[in-house]
Structure formats: C-alpha cells, structure tokens
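The structure presented is a predicted model; accordingly, all values stated were derived computationally and were not measured. Naming: A, B, ... by sequence-line order, numbering from 1 per chain.
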2 protein chains.
Amino acid sequence: MVSVSNQEDAILSRLRGEGYKITPQRRAIVRAILSSDEYVTPELLLIKARQAFPSLGRVTVYRTLDILSQLGLLCTLHPEGHHPGYTLGRLDHHHHVVCSGCGRVSDFSEHGLEELEKRLSRETGFKIEGHILEFLGLCPQCQETNNEK
Amino acid sequence: MVSVSNQEDAILSRLRGEGYKITPQRRAIVRAILSSDEYVTPELLLIKARQAFPSLGRVTVYRTLDILSQLGLLCTLHPEGHHPGYTLGRLDHHHHVVCSGCGRVSDFSEHGLEELEKRLSRETGFKIEGHILEFLGLCPQCQETNNEK
DNA sequence: TACTAACTGAAACCATTTTTCATTTACTAT
DNA sequence: ATAGTAAATGAAAAATGGTTTCAGTTAGTA
C-alpha cells in the first residue's frame with residue numbers, strides 16, 4: 001500500500017521533472033486533494049487548500065488542476081445529479097465508485113472492458129480511444145445515516 | 001427499426017400524456033435532437049432548432065431539456081475534453097460510443113455489468129445506484145478524414 | 001369561442017471559469 | 001550566498017454557461 005505522503009512526493013517530483021516549479025501553493029493543493037476521501041470540486045479544493053495556505057488564489061487552483069490533468073494525474077468524476085469533480089488516484093488504469101451522499105470515492109480495477117472494446121470496434125467501426133466507467137451508490141456510512149432518518 | 005418520425009411522435013405523446021403542452025417550440029427542439037447523428041449541447045440545440053423556429057429562446061431549450069431529462073428520455077454524455085451533451089435515444093438501458101471528431105453517437109447494449117456491480121457491492125460495501133459507461137473514439141468517417149490530412 | 005393553466009422570451013441575475021497584467025518567487029548558474 | 005530569469009501568483013475584469021423573474025401569449029378544454 002502506498003501512503004499518502006509518498007503519493008504526494010511522487011506527484012511533486014513528477015511536476016518538478018516536467019519543469020514545473022514546486023510552490024507552497026501547489027503543495028497545499030496537491031495535499032488537499034490527497035487528504036480527502038471525497039472527490040473535490042474546484043471551489044471545495046480552494047477552501048481546503050486555504051487551510052494550509054490562506055492567501056491562495058482561486059486561479060491557482062484552476063491552473064494546478066489543469067496541469068495535473070494534462071499530466072494524466074487527475075481523474076474526472078461525473079456523479080449524476082452532482083457537480084463534476086476530481087480525484088487524484090492510482091496511476092494505473094482504474095475506475096471509481098462515488099458515494100451519492102458524501103462524495104467519498106472508492107477505486108477498483110476491471111479488465112473485462114478490453115473485450116467489449118474489441119466487440120464495439122467490430123460492430124460500429126469506431127476506433128476506440130478511451131472510456132469512462134463510473135458507479136454511483138451509497139457508501140456504508142451514508143447507508144446507516146439515511147436509515148436513521 | 002424505429003423511424004425518427006415515430007420516435008418524435010412517441011416522445012411528443014409521452015409529453016402530452018404527462019400533461020405538457022405540445023408547442024411548436026418543443027416540436028422543433030425534439031426534432032432537432034432526433035435529426036442529428038451527433039449529440040447536442042444546449043447551445044448547438046438552440047442553433048439547430050432555430051432553423052425551424054427562429055424566435056426560439058434559449059430558456060425554452062433548457063426547460064425542454066429539463067423536462068425530457070426528468071422523464072428519463074434524455075441520455076447525458078461526457079466525452080472527455082469536450083462539453084457534456086445530450087442525445088435522445090432508445091428507451092431501454094444502453095450505452096454510447098461518442099466520436100471525438102464529430103460527436104456522432106452510436107448505441108450498444110452490455111449486460112455484463114450486473115456481475116461487476118455485485119462484485120463491487122461485496123468488495124466496497126457501497127449500495128450501487130447506477131453507472132456511467134461511455135466510450136470515446138473516432139467514427140469511420142472521421143478516421144478517413146484524419147488520414148487525408 | 002372563451003377560459004385558464006401552462007408556456008414563452010427578454011432581461012436580469014448568478015455561479016463558474018478564463019484572461020489579463022503587474023508583482024513576486026523558485027530555481028539555476030554563477 | 002546571490003543575482004538573474006523564467007515561471008508562477010493573485011486581484012480584477014471579462015467571458016461563459018445556466019437560472020430566475022415576470023409580463024405577455026398560447027395550447028388545450030369545456
């Protein structure tokens with residue numbers, strides 16, 4: 001298992017390797033994403049990262065998200081009925097289950113999609129470039145909370 | 001095979017059945033979605049539907065999309081790197097392949113996801129409510145066009 | 001044909017994201 | 001250590017995308 005601080009180091013050194021500077025703002029942003037079980041929206045991320053770096057500007061959040069996204073380090077989530085958001089996850093190909101209650105994200109691997117991809121290529125003639133597979137559901141905690149209501 | 005005009009009738013009478021009025025604006029909007037192979041964004045839809053009904057207002061497009069969405073008649077698409085959009089498709093559960101070049105949408109069925117859903121419930125404890133599965137790729141036409149460049 | 005609830009479109013409004021630009025800072029090479 | 005430089009920052013303004021409001025219009029009905 002990879003610890004969060006190792007993940008942080010890995011991401012920061014990747015940034016450094018790509019010629020980006022490691023600023024305290026970026027550190028705070030990366031740490032804020034990593035330190036939450038839930039996925040983040042830009043606004044939420046701003047609030048979280050400001051706890052560590054109060055003068056952080058909104059623009060910097062967007063810019064950092066862009067960079068992380070271009071480097072393929074960010075996963076985008078589209079939970080139905082909620083705002084889209086981001087999570088920084090494992091570097092290998094994987095998918096997510098998002099909690100419709102609290103936004104908590106859980107990862108999983110699924111390798112059965114390659115066959116489906118081939119079938120689709122054959123049937124539709126499309127040259128497949130990628131896919132989204134996301135599940136939406138209630139996490140164990142939110143299931144309990146809702147039952148108590 | 002179901003023709004587009006039958007689909008149009010089916011949608012309009014569904015609307016009527018739910019107590020909504022059939023206005024020329026709504027007719028134009030529904031027809032505009034159905035008559036394009038590509039998925040539509042609200043803005044694109046406004047332009048297309050105005051060809052049939054020039055004074056159509058932007059608000060009416062959003063309102064109609066809302067209604068169709070609430071009735072479960074609309075499918076939402078999230079093609080990576082593009083704006084999200086909509087398509088009016090088959091009424092049964094299905095998925096989409098979206099062309100990254102022109103936005104053309106193709107449907108497919110996949111029933112292998114139920115097992116995966118069970119596995120996820122078991123492994124993560126989440127109570128699964130739904131999922132998104134979308135493929136992105138180049139349609140046959142766009143593959144040719146790109147090769148000629 | 002008259003009635004009424006539903007619908008419409010213009011404008012104002014709001015939230016989110018992008019652009020601009022003057023200032024500051026992380027890193028490199030002395 | 002320190003100076004130099006490209007990169008990064010944040011405030012403000014602008015753009016984008018979507019929603020609300022409201023007075024006037026219209027589809028469906030009786």
Rounded to whole angstrom units, what separation is found between the CG atom of A/L56 and the C1' atom of D/dA8? 12 Å
Whether A/Q25 contacts D/dG10 is assessed here as follows: a side-chain N or O lying under 4.0 Å from the phosphate OP1 or OP2. Is that the case? yes
Shortest side-chain distance from B/F53, nucleotide among C/dG9, D/dG18, C/dC7: C/dG9
Does C/dT18 have OP1 or OP2 under 4.0 Å away from a side-chain N or O of A/Y62? no
Just the rounded figure in Å: distance from C1' of C/dT18 to CD1 of A/I67. 15 Å
Closest to the B/P42 side chain: D/dG18, C/dT19, D/dA8? D/dG18
Checking the side chain of A/R27 only, and the main-chain atoms of A/I22 only, is there a donor and an acceptor separated by less than 3.5 Å? no
Side-chain donor/acceptor of A/S121 to backbone N/O of A/K127, under 3.5 Å: no
Candidates D/dT9, D/dA7, D/dT21 - which lies nearest the side chain of A/T60: D/dT9
Would you check if the side chain of A/S36 reaches a backbone N or O of A/E38 as a donor-acceptor pair within less than 3.5 Å? yes
OP1 or OP2 of D/dA7 sitting under 4.0 Å from any side-chain N/O of A/T23? no
What is the distance, rounded to the nearest whole Å, between atom CZ of B/R27 and atom C1' of C/dT8? 16 Å
What's A/P24 touching, base or sugar-phosphate or nothing? Going by heavy atoms closer than 4.0 Å. sugar-phosphate
Shortest non-hydrogen separation from A/V30 to A/L12 and the atoms involved: CG2-CD2, 4.4 Å
Taking A/I11 as the fixed residue, which of A/L91, A/L71, A/L68 is the one that meets the side-chain contact (heavy atoms from CB on, under 4.5 Å) rule? A/L68
Please determine whether a side-chain nitrogen or oxygen atom of A/R63 lies at a distance below 4.0 Å from atom OP1 or OP2 of D/dA8. no
When you get a sec, tell me which of C/dC27, D/dG28, D/dA8 is the closest nucleotide to the side chain of A/R16? C/dC27
Starting at the 5' end of DNA chain D, which residue's closest nucleotide do you reach first, B/D66 or A/V61? A/V61
Please give, in whole Å, the distance from D/dA27 P to B/L12 CG? 14 Å
When you get a sec, tell me which of C/dA10, D/dG28, D/dA11 is the closest nucleotide to the side chain of A/V59? D/dA11
Counting side-chain heavy atoms from C-beta on, which of C/dT8, D/dA8, C/dT17 comes nearest to A/R58? C/dT17
